[in-house]
Structures are given as C-alpha cells and as structure tokens.
Amino acid sequence: MKILSVSTATSNLSVALNDSQKIIAEKNEVDKRNHSEHLDPLIDEILKDNQLTLQDIDRFAVAIGPGSYTGLRIGITTIKMFASILHKDVVGISTLQALAKSASGDDLIVTALDARNDNYFAAAYVLDKNQIPQNVIPDGHYHIDTLLQAIKDYLKENDRHLLLLGSGLDKQEDKIKALGVDFAYGKDEQMGVHAGLIGQLAETAEPVDPDKLLPKYLRRTQAEVDWHKKTGKPFGPDSDYVEEV
C-alpha cells in the first residue's frame, strides 16, 4: 500500500511516502512556518523522486491535531482535496499519537505541544504488541498541574518509566521531578512530528469520508469564544473540543 502522509500541525512541515510500514522517503522543513507555500512543492518533489503521481497513491494521511489552527487547515484541506478528487482512502491521525510512534519499549509515553502559560496539548500512550501507541490519558488541553496529576494517577497503578516527547515539558522539570518517578526526554529527532510515522499508523487506521475529516483543535479559538459571548449562539458541531482551561 502506497501512503502519502503530511503534517502541518506545528511549525515544522513533514511529507512522507510509505510502502505500508516501510518509509520510502520523508522530507522535513524545520521551523519555516510557511506551509501554504511549501507543502505542494514538497509533495511534488517526493512523488517525482520516486517516479509516482498522485493517482499512484492508495491512501492519504494527515495529522488532524492538536496543533496550529492555520497549519492544520492547510494540511487537512490539501489531503481532503486529493482523496476526494481521486476517490482514494483518507485517514486522520492524532498529532500526539504520531509523536508517540517514535518510541519503543514499555515506557509511559507522554507527548505534548506547548500551548503557553503552563498549558499543553498533551496525552499519554503505551505501545501495544504491534508497536501502535494506545491512548491511556486522552488527548486534551491541560494545565501542567492537571496533566501531572493524571500521570501520577496512572503510574500508581502501572509501574513504568516516563518518556517525554514534544515541546515545552523541559520547562516543567522541577514539577516533573517532584513526581518521584524515573523519566527521560526523547532524542532530538523524536521531538518533532514525522510524516513517515503518520504513514505507518495510517496503514491500519480506519479510513473516513473526506468530507468528515475534520481538525481536532482541542481548544476553541479566541474568535469563537468572543463570537459566542457576543451572539449567545451555541458552538457548531464542526470540530472536536475539550473544555477551555
């Protein structure tokens, strides 16, 4: 199965071509922040390098969040368009699960994206026998104290080391040490989202209708909050959220 995957969820842009679990090629741009200009050329480049066209792709995959509001829309819109026009499978993968896919072993894998002011988009995963990260602390928007309490509660019942991946948790090292558990940060290459890992997860994930592929922001935009306060109208069901913290 040829899978084309992209991540525009963070400031890093990643595009990959997989043949089932094998990552054939992956291209990354670090901290460029202009995904709308660079995504299509990177896709074109990776296809040409491998003598393929979009029609040769069996399945498209994309990080659906959490992440940058604008970034997520760029990647999701592009992949939805490809899948819809070409009548191909499409899969959405959690950004936090994709981060966890880089790990191995029996650790409790905590993945996080810095959301500022001691808040994080975060989750925790453990790997199953097929090395697929399974969610044990749900993807959410957490204050650091809430996140650490959830980790502490899980570790009371499960004896595991702690592996920290993503961005910003190093700023909380004193609080993490106070948990009294063994922990380690991932390697540099594990701290960013890799499209090749999204492709690996996408092979066994359930395809969705392209029209139903939606971003999972996990936090409402300030514009939505202001609009709701001004109009009193309910929020629409066009995305998945958790409560603002």
Side-chain angles (χ1 to χ4, degrees), residues 1-103 111 113 131-133 165-167 186-210 213-216:
M1 179 187 291
K2 292 184 176 64
I3 305 170
L4 183 72
S5 304
V6 308
S7 174
T8 54
T10 68
S11 60
N12 299 338
L13 171 62
S14 186
V15 177
L17 174 68
N18 285 37
D19 187 354
S20 297
Q21 289 297 297
K22 183 178 181 181
I23 300 172
I24 302 299
E26 182 180 279
K27 293 182 180 292
N28 297 284
E29 289 191 350
V30 179
D31 208 24
K32 296 292 186 179
R33 299 178 186 273
N34 48 359
H35 302 337
S36 60
E37 296 179 18
H38 291 190
L39 177 57
D40 285 347
L42 268 189
I43 292 172
D44 186 57
E45 185 179 325
I46 212 166
L47 290 172
K48 286 181 176 177
D49 287 349
N50 291 276
Q51 294 81 52
L52 296 172
T53 68
L54 285 172
Q55 188 63 53
D56 296 317
I57 300 301
D58 301 303
R59 176 169 290 189
F60 294 96
V62 61
I64 57 172
S68 158
Y69 297 114
T70 302
L72 288 172
R73 288 191 179 278
I74 291 168
I76 292 171
T77 300
T78 299
I79 291 303
K80 286 175 68 166
M81 178 182 67
F82 291 160
S84 181
I85 292 173
L86 298 171
H87 305 289
K88 302 285 183 151
D89 285 349
V90 63
V91 170
I93 299 295
S94 160
T95 311
L96 298 170
Q97 187 187 30
L99 279 168
K101 185 69 173 86
S102 69
T111 56
L113 300 175
Q131 299 300 295
I132 297 174
L165 302 178
S167 61
K187 299 175 182 177
D188 288 346
E189 61 267 24
Q190 293 178 291
M191 296 306 192
V193 183
H194 289 274
L197 301 180
I198 292 173
Q200 290 180 341
L201 291 168
E203 184 189 14
T204 56
E206 189 71 25
V208 299
D209 184 320
L213 184 67
L214 298 172
K216 293 193 175 183

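Below, each value reflects all heavy atoms present in this structure, side chains not excepted, and no hydrogens, waters or symmetry copies.
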Item to check | Minimum heavy-atom distance Ile93-Val91, with the two atoms named | outcome: CD1-CG1, 3.6 Å

Item to check | Residue pairs, two or more places apart or on separate chains, that pass ring-ring contact (aromatic ring centres under 6.0 Å, His included) and touch residues 11-31 | outcome: none

Next on the checklist: Taking ring-ring contact (aromatic ring centres under 6.0 Å, His included) as the cut-off, I'd like each qualifying pair that reaches into residues 81-102, sequence neighbours left out, listed once.
Outcome noted: Phe60-Phe82

Checklist entry - Checking side chain to side chain contact (heavy atoms under 4.5 Å, CB included) for the pair Leu214/Ile64: CA distance, chi angles, key distance, verdict? => result CA-CA 7 Å; Leu214 298 172; Ile64 57 172; over 6 Å; no

Next on the checklist: Taking the side chain as everything from C-beta on, heavy atoms only, tell me whether Val90 gets closer than 4.5 Å to Pro210.
Outcome noted: yes

Checklist entry - About how many Å separate OG of Ser36 and CZ of Arg73, when rounded to the nearest 0.5 Å? => result 14.5 Å

Next on the checklist: Testing the basics here: between Leu165 and Gln190, what is the closest heavy-atom pair and its distance to 0.1 Å?
Outcome noted: CD2-CB, 3.9 Å

Checklist entry - Rounded to the nearest 0.5 Å, how far does CG of Asn34 lie from CG of Leu39? => result 11.0 Å

Next on the checklist: Are Lys101 and Ile198 packed together at the side-chain level, in the sense that at least one heavy-atom pair is separated by less than 4.5 angstrom?
Outcome noted: no

Next on the checklist: Just verifying a value: how many Å separate Asn18 CG and Ile3 CD1, rounded to the nearest 0.5 Å?
Outcome noted: 5.5 Å

Checklist entry - With distance as the sole test, does His35 use its side chain to make a donor-acceptor pair with the main-chain N or O of Thr70 at under 3.5 Å? => result no

Checklist outcome for this item: Scanning both residues in full, the closest heavy-atom pair of Thr95 with Ala63 reads OG1-CB, 3.8 Å

Item to check | Spacing of Leu197 atom CG and Ser14 atom OG [to the nearest 0.5 Å] | outcome: 8.5 Å

Checklist entry - Just how far is it from atom CG of Leu86 to atom CG of Leu54, taken to the nearest 0.5 Å? => result 6.0 Å

Checklist entry - If we only count heavy atoms from C-beta on, is the Asp58 to Asp89 side-chain gap below 4.5 Å? => result no

Checklist entry - Is any side-chain heavy atom of Ser7 less than 4.5 Å from a side-chain heavy atom of Asn12? => result no

Checklist entry - Is there a side-chain contact between Lys88 and Ile57, using heavy atoms and a 4.5 Å cut-off? => result no

Checklist entry - Does some side-chain heavy atom of Ile24 sit less than 4.5 Å from a side-chain heavy atom of Asn50? => result yes

Checklist entry - Looking at Val15 and Ile46, what are the two nearest heavy atoms and their distance? => result O-CD1, 3.6 Å

Next on the checklist: Less than 4.5 Å apart, side chain to side chain, heavy atoms only: is that true for Val193 and Leu99?
Outcome noted: yes

Next on the checklist: So does Lys80 get a backbone contact from the side chain of Ser84, meaning a donor-acceptor N/O pair under 3.5 Å?
Outcome noted: no

Next on the checklist: Looking at every heavy atom in both Ala61 and Ala202, which two are closest together, and how far apart are they?
Outcome noted: CB-CB, 3.5 Å

Checklist entry - Got a donor-acceptor contact below 3.5 angstrom from the Ser20 side chain to the Met1 backbone? => result yes

Next on the checklist: A quick test of your reading: do over 12 heavy atoms of other residues, nucleotides or ligands sit less than 6.0 Å from NZ of Lys27?
Outcome noted: yes

Item to check | Any donor-acceptor N/O pair, Gln21 side chain to Asp19 backbone, under 3.5 Å | outcome: no

Checklist entry - Closest heavy-atom contact between Pro66 and Leu113? => result O-CD1, 3.7 Å

Checklist entry - Are any non-hydrogen side-chain atoms of Thr78 and Ile43 less than 4.5 angstrom apart? => result yes

Item to check | Nearest-0.5 Å distance, NZ of residue Lys216 to CD1 of residue Ile76 | outcome: 10.5 Å

